[in-house]
Amino acid sequence: MNSTHYEDFCSRMKNYRKRLGYNQTEMGKKLGISQDDYSKRENGHIIVSFNNMKSLHENGIDIDELVCGKSSNVSTEELDIVMSEYDDSTRPFAMKIIAESIMHYRNLEIMSGRQVTDEDRLLDYMLKQWDEFTMLEYVRTVMHYSQDTMSSKLYVTRKKYRKYEKEIIYPYADTLVNMYNVYNYRPSMYLNLYDRRYYVMQRIWMEFNDEQKNKVMRMGNMMKEIL
């Protein structure tokens, strides 16, 4: 299992800023804080909050790369085009149907001998939960841990852990590092900064061959006619 440290997070935060060509003052403005406050976060003197990470994400910074050193970029142009043709009222329902279609073709592969992946398990669980899904509850379920065990492994109180699991509050960067070290799932998925269900769909989509993609796209286009 891969591991990282909070000091690594701070170092990558600094390197990422330099790669973008910003000084600390400019980066602080993007986060809505002063240069001094930004410097304290980059140097590890103040823990980077969820709101700070949300601002970083909104400015195009990959939270997964900051936390674990690995980018989570996906490229699914064909699927994105299909989804973009639904309006706000029909997109949620259509996305679930398309997700079920992706899961169907993935299951056919599994029945033919393909190994089940974390993305397969995660999408299957998401489909069963869908509107009530939370990442931490999923992790706790698949690892057969109690809330007490989870809170102990993350070095937080049970009360705080329960708020994380219900997504009443979201973890700061140091806890996110611990989550990655213990469970090795993509850290940004705990923050709900984007639609995680669609991200998992994208991860599986990238492994599909052209025939599978075309079948799912046809399903998506048929749904447009119905909706």
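Predicted model, so just to flag it, every value in this text is computed and none were measured.
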Is the side chain of [X] donor-acceptor paired with the backbone N or O of [Y] at a distance under 3.5 Å, no angle test?
| X | Y | result |
| --- | --- | --- |
| Tyr198 | Met83 | no |
| Thr76 | Leu79 | no |
| Asn107 | His104 | no |
| Gln212 | Asn209 | yes |
| Asp124 | Asp120 | no |
| Ser39 | Gln35 | no |
| Asn43 | Lys40 | no |

Would you say [Y] and [X] are linked by a side-chain donor-acceptor pair, where the criterion is simply a distance under 3.5 Å?
| X | Y | answer |
| --- | --- | --- |
| Arg12 | Thr4 | yes |
| Asp87 | Ser89 | yes |
| Tyr199 | Asp195 | no |
| Thr149 | Ser146 | yes |

So which atom in Phe9 and which in Val177 form the shortest heavy-atom distance, rounded to 0.1 Å?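 Closest pair (atom of Phe9, atom of Val177, distance): CB-CG2, 4.4 Å.
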Smallest separation among heavy atoms of Ala99 and Leu127, with atom names: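 Residues Ala99 and Leu127, closest heavy atoms: CB-CD2, 3.8 Å.
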Could you walk me through whether Glu42 and Lys14 pass the salt bridge (charged side-chain N to carboxylate O under 4.0 Å, His left out) test, one step at a time? CA-CA 6 Å; Glu42 193 175 89; Lys14 179 179 181 178; 5.5 Å; no
Could you go through Ser55 and Asn52, starting from their C-alpha distance and side-chain angles, then the distance that decides it, and tell me whether this counts as side-chain hydrogen bond (donor to acceptor under 3.5 Å, both in side chains)? CA-CA 5 Å; Ser55 295; Asn52 294 153; 5.8 Å; no
Angle class for the Tyr185/Tyr138 ring planes (parallel below 30°, perpendicular above 60°, tilted otherwise)?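 Answer is perpendicular, since the angle exceeds 60°.
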Aromatic ring pairing Phe208/Tyr105, orientation class (parallel under 30°, perpendicular over 60°, tilted between):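 The arrangement is perpendicular - the two ring planes meet at more than 60°.
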Using the rule side-chain contact (heavy atoms from CB on, under 4.5 Å), only one of Arg196, Arg186, Met179 pairs with Met135; which is it?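 Exactly one candidate clears the test, Arg196.
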Decide yes or no on salt bridge (charged side-chain N to carboxylate O under 4.0 Å, His left out) for Arg162 and Glu165, but give the supporting numbers first. CA-CA 5 Å; Arg162 290 180 65 187; Glu165 184 170 299; over 6 Å; no
Apply the test side-chain contact (heavy atoms from CB on, under 4.5 Å) to residues Tyr190 and Tyr170: give CA-CA distance (whole Å), side-chain angles for both, the deciding distance (0.1 Å), then the verdict. CA-CA 8 Å; Tyr190 295 103; Tyr170 291 97; over 6 Å; no
Centroid separation Tyr161 to Tyr164 less than 6.0 Å: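 Not close enough - the centres of the two rings lie 6.0 Å or further apart.
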side-chain contact (heavy atoms from CB on, under 4.5 Å) for Lys30 and Tyr38? Distances and angles first, verdict last. CA-CA 10 Å; Lys30 290 184 176 296; Tyr38 177 81; over 6 Å; no
Please determine whether a side-chain nitrogen of the Lys or Arg among Arg19 and Glu65 lies less than 4.0 Å from a carboxylate oxygen of the Asp or Glu.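 Salt bridge between Arg19 and Glu65, a charged N being under 4.0 Å from a carboxylate O: yes.
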Taking atom NZ of Lys213 as the centre, does the number of heavy atoms from other residues, nucleotides or ligands within less than 6.0 Å exceed 12?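 Counting neighbours around NZ of Lys213, more than 12 heavy atoms of other residues, nucleotides or ligands fall under 6.0 Å, so yes.
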